[in-house]
Amino acid sequence: MRTGKSRLSSLLFISAVVTLLVSVTTFNQLPADHDLHVGNFMVSLLGKYLTYAILAVAVDLVWGYLGILSLGHAAFFALGGYAMGMYLMRQIGDRGVYGNPDLPDFMVFLNWTELPWYWSGFDSFAFTALAILLIPGLLAFVFGWFAFRSRVNGVYLSIITQALTYALMLAFFRNEMGFGGNNGLTDFKDILGFDLRSDQVRLGLFIASGVALIIVYLLCDSLLRSRLGKVAIAIRDAEDRTRFLGYRVERVKLTLFTLSAMIAGLAGALYVPQVGIINPGEFSPLNSIEVVVWVAIGGRGTLYGAVIGAMGVNYAKTWFTGAYPEAWLFALGLLFVLVTLALPKGIAGLHLFKSRNKPTGKMEPKT
Amino acid sequence: MTLRTAIVSIAALYLLISHQHVQAEVKTGINELDPLFEAFYEGRGDRRTEALDALAALRPPATPIDTQPDARELLQGILDGDLMFHKPSSTIVWAIKDGREFIMTSLDRTTNLGRDSSRKVKRLKLNNSIRAYLRQLIAALGLYSDNPTERLVAIEALIDKPESIEQKTLDELLLNEQDDAVMIALQSLSTRKQLGSADPLERLAAVTVLRTDLSSESRAAIVRIESRDDDENVRKAAQAIRLYHEKQVNLFGWAETLFFGLSLGSVLVLAAIGLAISFGVMGVINMAHGELIMLGAYCSWAMQQLMPQSIAAALLLSIPVAFLLTGLVGIIIERSVIRFLYGRPLETLLATFGISLILQQMVRTFVSPQNVPVANPEFMSGVLQINGVFSLTLNRLYILAFCLIVFAALVALLKYSRFGLEVRAVSQNRSMARAMGVRSARIDSLTFGLGAGIAGIAGVALSQLTNVGPNLGQAYIVDSFMVVVFGGVGNLWGTLISGMTLGIANKLMEPWAGAILAKILVLVFLIMFIQKRPRGLFPQRGRAVEG
Amino acid sequence: MSAVHGYRKPLIRRDRTFEFLIPQYVDDLDLSHGTALYLEDISVNFDGFQAIKDLNFYVNTGELRCLIGPNGAGKTTLMDIVTGKTRPDTGSAWFGQRINLLRMDEAEIAQAGIGRKFQKPSVFENLSVFDNLELSMTGTRSVWGTFRAKMNRQTVERIEAMAETINLTDQLNRVAGLLSHGQKQWLEIGMLIMQNPILLLVDEPAAGMTHQEMDKTVELLRSLAGERAVVVVEHDMEFVRALQAPVTVLHQGSVLAEGTMDDIQNNSNVMRVYLGTESTT
């Protein structure tokens with residue numbers, strides 16, 4: 001049955017990620033002039049890709065298995081990132097440009113005299129870790145509570161998730177929000193007392209991202225292998241039918257959507273210390289849609305497909321923007337069109353499961 | 001005119017007579033002017049102002065042969081310091097500084113008087129009171145100008161010091177004025193003068209007249225009278241009028257907000273209506289809609305580049321050009337991509353988003369990554385002044401009208417033409433329409449092309465309001481979707497009403513929330529609204545949509 | 001049951017209690033009066049189209065009932081109302097004596113014991129036959145419960161037994177999307193039975209079936225009745241006759257006639273509706 005196959009593929013996946021982690025760590029330790037040396041820049045870059053992969057898994061969970069095309073997952077990612085950014089800002093202490101021990105630089109610059117209430121608690125890592133999961137989770141829960149109960153479906157849901165991230169982007173651009181406005185949060189120094197710029201910490205963050213990816217993967221995999229996973233697919237393919245079997249469709253959707261948002265938040269939190277900045281641009285609707293394309297290219301409805309898509313497209317993006325900066329958007333745009341037209345099941349659909357998986361009739365329930 | 005002429009001639013005569021015995025030490029090249037300038041140059045106090053009065057009384061040249069200079073020009077020359085005294089020749093000249101020297105011209109500008117060092121040329125003494133007096137005279141002379149605009153400027157210069165014009169002069173002007181706008185200004189000047197009258201009844205009458213005048217000067221005058229006038233009745237009348245004014249200002253404030261809201265709404269409707277067709281009628285999510293709008297805006301730019309000398313014609317021509325061009329692009333998109341994706345709205349969304357990226361990058365690569373300049377033709381700029389506190393900018397007014405015209409044309413097309421009938425048939429029941437002989441594939445292409453073409457037209461309109469650049473479309477795509485979804489998919493009237501409502505709501509909130517927060521609030525409201533009523537304000541109901 | 005009252009409800013009616021006193025949802029089904037389904041004074045209006053008009057319809061426990069009528073008579077809408085998909089404008093719908101269907105959503109109604117087969121066979125095409133049956137099986141429906149759900153010998157046996165009944169044993173691990181039309185119909189019926197409902201609503205079960213399959217379906221439906229109430233909507237008169245059950249004819253949203261198949265076939269009203277307008281007969 002399917003279970004065996006799924007176990008095998010997760011085993012393969014985990015070994016692939018572990019191999020990546022071990023080899024990069026090893027090659028990073030080699031002397032800089034060695035042929036196989038992996039530079040620190042590359043380590044951070046790969047770490048960034050891994051956080052993108054986590055985000056892609058989150059999107060795939062709701063899109064590939066539940067049929068909810070969220071065009072707002074960048075919002076959850078960014079919220080997790082901001083939570084982490086706030087912690088990192090608090091760790092700067094009086095080492096900022098203005099040397100104020102209580103206030104981040106941008107607040108001093110805006111002539112604020114005290115820390116806003118919603119910043120309190122972020123000097124504790126435990127609190128931050130909780131916030132990283134709970135803030136995106138809470139937003140997703142409240143949003144989903146209303147959306148799924150009133151049966152907002154298909155493209156309508158996509159459009160309002162996009163409006164959600166757009167509204168958040170506008171909000172975070174405002175200085176009055178107390179999140180650094182346009183410039184966002186940056187100039188981080190320490191994480192848990194370790195210097196963020198040191199090579200070991202960068203390597204550590206890379207490994208942490210890889211481990212997080214494995215944990216998230218295993219969590220999603222166990223979820224999807226359970227009967228709940230089958231219910232999710234049932235909802236994706238025939239929502240009404242599932243309802244008439246007695247399943248509370250909105251509760252399943254709400255649970256998985258919230259979980260997905262929390263995973264996205266985690267990805268954002270791992271992303272921020274590795275790139276050193278978080279700003280409102282992360283909320284931009286384009287980002288959310290890009291994630292969807294990673295998943296579409298990799299192959300939605302397979303967790304490893306999402307990971308392959310995220311890593312592959314981002315590698316291509318790095319290469320393109322270096323070699324032919326003009327051509328990247330052309331390439332990305334073409335990818336969108338070609339994948340939807342010619343490769344509806346993505347890379348993962350190219351070779352594996354081909355004989356077993358059903359006709360490519362209608363993939364989505366009609367809206 | 002006769003009275004004024006008489007007074008001035010008497011003044012001039014007086015000056016001429018009283019200084020005849022003194023040898024003229026200041027020359028001007030025009031005998032008649034010598035004593036006046038001498039009096040101004042040598043004299044002090046009243047004699048100088050009298051001299052200026054006499055200068056002002058000089059008639060404009062009667063015939064072209066008459067070389068006597070224009071009084072206004074002379075007074076302006078004195079005020080600006082362009083008229084100077086050349087010491088060696090004791091002559092008043094027009095002097096233009098050139099390095100350390102001055103180039104000199106005779107007063108009637110007919111003779112070049114050579115150049116001399118700046119030490120030999122002396123300024124005419126001026127002080128602040130003389131300057132003020134000069135300005136007043138110049139302004140008053142403007143009252144007799146042949147050009148209505150100049151008369152208007154002259155009147156406006158007097159509005160704050162109505163006492164400086166004689167009642168008789170004013171009456172005379174009122175009697176002879178032909179131009180309406182100038183007449184209104186004159187009347188308000190006359191009212192203001194009346195306000196300064198010693199007779200309380202006159203002041204009362206003047207105050208009453210100001211009731212209909214909402215200009216800031218009028219309102220300030222009323223406030224001043226309410227607090228300072230000696231007569232109680234006048235004060236009371238002023239108070240009543242102040243309260244009325246406040247109410248009116250408030251009212252017109254709302255009217256202005258409404259206008260801004262409708263204006264924003266018309267932009268939203270223009271941007272959304274093409275989407276309402278492709279999304280509402282065909283069920284196709286076109287994420288490249290914003291970029292089609294952008295292409296339309298670039299059409300308007302390109303037409304202006306092609307015909308730089310007549311930008312108004314270029315703008316008008318770019319409407320059909322943009323419609324055809326973006327419509328064609330739309331048809332190409334439909335034929336090459338979208339037709340393979342019918343019935344899969346989420347895939348359509350992704351594919352068209354890819355197209356939007358390609359279109360954006362094309363503009364960046366082949367035109368410019370920067371914004372391009374699009375000029376506003378003359379007829380688009382200007383203001384329609386309704387009263388002192390309420391005015392409508394013409395470009396917004398035109399775009400509002402344009403939006404309504406496009407909307408009406410579209411509704412008519414869908415309702416009364418054969419094409420519209422087929423579009424509605426296909427959108428309601430595709431297979432039945434095909435059975436009846438409608439070529440549904442062709443209708444799909446044309447409908448999508450129509451939506452795209454209207455996006456192009458919207459782009460032309462937007463090019464008159466905002467910067468035209470590769471990112472223009474992105475700014476409108478979320479808003480456009482919100483408008484369509486809020487109005488109810490498949491309902492053009494819903495789109496119109498929802499666009500206008502959102503525009504007005506946005507502008508209503510702006511004063512207390514700020515532009516960005518207002519936008520966020522509108523978005524949040526919409527997100528909640530869609531969850532409450534997923535099918536929008538004016539949903540299509542019935543069994544057909546349940547499936 | 002007066003058909004007099006229209007859209008506006010009178011403030012006080014002696015035969016009714018206050019709205020808020022009507023129990024919201026009662027878990028235990030009470031069938032002591034022998035009636036499984038009460039539909040009274042139901043009216044539904046879709047944008048001016050009167051789909052159901054003052055309809056009264058009762059189904060006894062264990063009864064097998066056929067529902068026929070021309071297109072647009074309101075058969076599917078009636079099923080939509082019972083299963084919670086459509087809310088009527090007026091009227092009341094009770095499952096047994098205690099369960100008010102108008103206060104429940106689709107999932108609650110399904111859990112209370114009403115199963116439905118759709119007109120178009122609707123199975124989960126990307127799941128295997130086994131998974132389809134597993135999801136329909138009675139048992140937990142909560143999110144956490146489904147996450148923790150374990151298969152044991154018994155449940156697997158139940159599913160395999162059902163596969164046997166519906167002739168899909170050798171298809172058990174195939175993806176449902178690959179089944180033939182008739183097989184999908186069977187699978188859906190199997191799913192319906194796995195739900196173990198008290199009341200089954202079966203919409204056009206015979207469509208796309210061969211004669212042998214039809215006979216088998218008739219046999220299956222007849223065997224289900226007795227234990228459960230079964231309402232069958234069907235166009236195929238042969239099939240209806242084969243069911244040997246009381247027939248209700250719907251026309252323009254109301255009940256036109258009720259009785260045995262023979263009664264119905266001789267009913268002049270029914271003949272008029274099916275065979276032509278009044279003027280021609």
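So you know, we letter chains A, B, ... as the sequences are listed, proteins then strands, and number each from 1.
A donor atom on one side chain and an acceptor atom on the other are found under 3.5 Å apart for B:R364 and B:N471. Looking at A:S260 and A:H73, their side chains do bring a donor and an acceptor atom within 3.5 Å of each other.
Ring orientation note: the planes of B:F486 and B:F529 are nearly perpendicular, at an angle over 60° on the 30°/60° scale. Note: A:F283 and A:F172 have tilted aromatic rings, judged against thresholds of 30 and 60 degrees for the angle between ring planes. Between A:W294 and A:Y52, the ring planes are tilted. Angles from 30° to 60° get that label.
Interface summary for chain B: among A:F146, A:F173, A:F143, the most heavy-atom pairs under 4.5 angstrom belong to A:F146. Here B:L517 is the residue among B:L349, B:L517, B:I355, B:V485 with the most heavy-atom pairs under 4.5 Å with chain A. Chosen from B:L526, B:I520, B:T365, B:T348, the residue pairing most often with chain A at heavy-atom distances under 4.5 Å is B:I520. Annotation: maximal heavy-atom pairing with chain A below 4.5 Å, among B:F340, B:F279, B:F353, B:F481, occurs at B:F353. Note: A:V337 leads A:V337, A:L332, A:L157 in heavy-atom pairs under 4.5 Å with chain B.
Interface remark: B:V337 contributes backbone and side-chain atoms alike to the contact with chain A (heavy atom separation under 4.5 Å). In this structure, the portions of B:M362 lying under 4.5 Å from any heavy atom of chain A include both its backbone and its side chain. At a 4.5 Å heavy-atom cutoff, B:S356 makes no contact with chain A through either its backbone or its side chain. With a 4.5 angstrom heavy-atom cutoff, B:I358 touches chain A via backbone and side-chain atoms both. The part of A:Q162 that comes within reach of chain B is its side chain, from C-beta onward, which places non-hydrogen atoms under 4.5 angstrom from that chain. For chain B, no part of A:L168 is nearby; none of its heavy atoms comes within less than 4.5 Å. In this structure, the portion of B:L341 lying under 4.5 Å from any heavy atom of chain A is its side chain and not its backbone.
Proximity of the aromatic rings of B:F366 and B:Y298 is defined here by a centroid distance below 6.0 angstrom, and this criterion is not met. Between A:F330 and A:Y324, the distance from one ring center to the other does not fall under 6.0 angstrom.
Here A:K253 does not pair with A:E250 in a salt bridge; the nearest charged N to carboxylate O distance is not below 4.0 Å.
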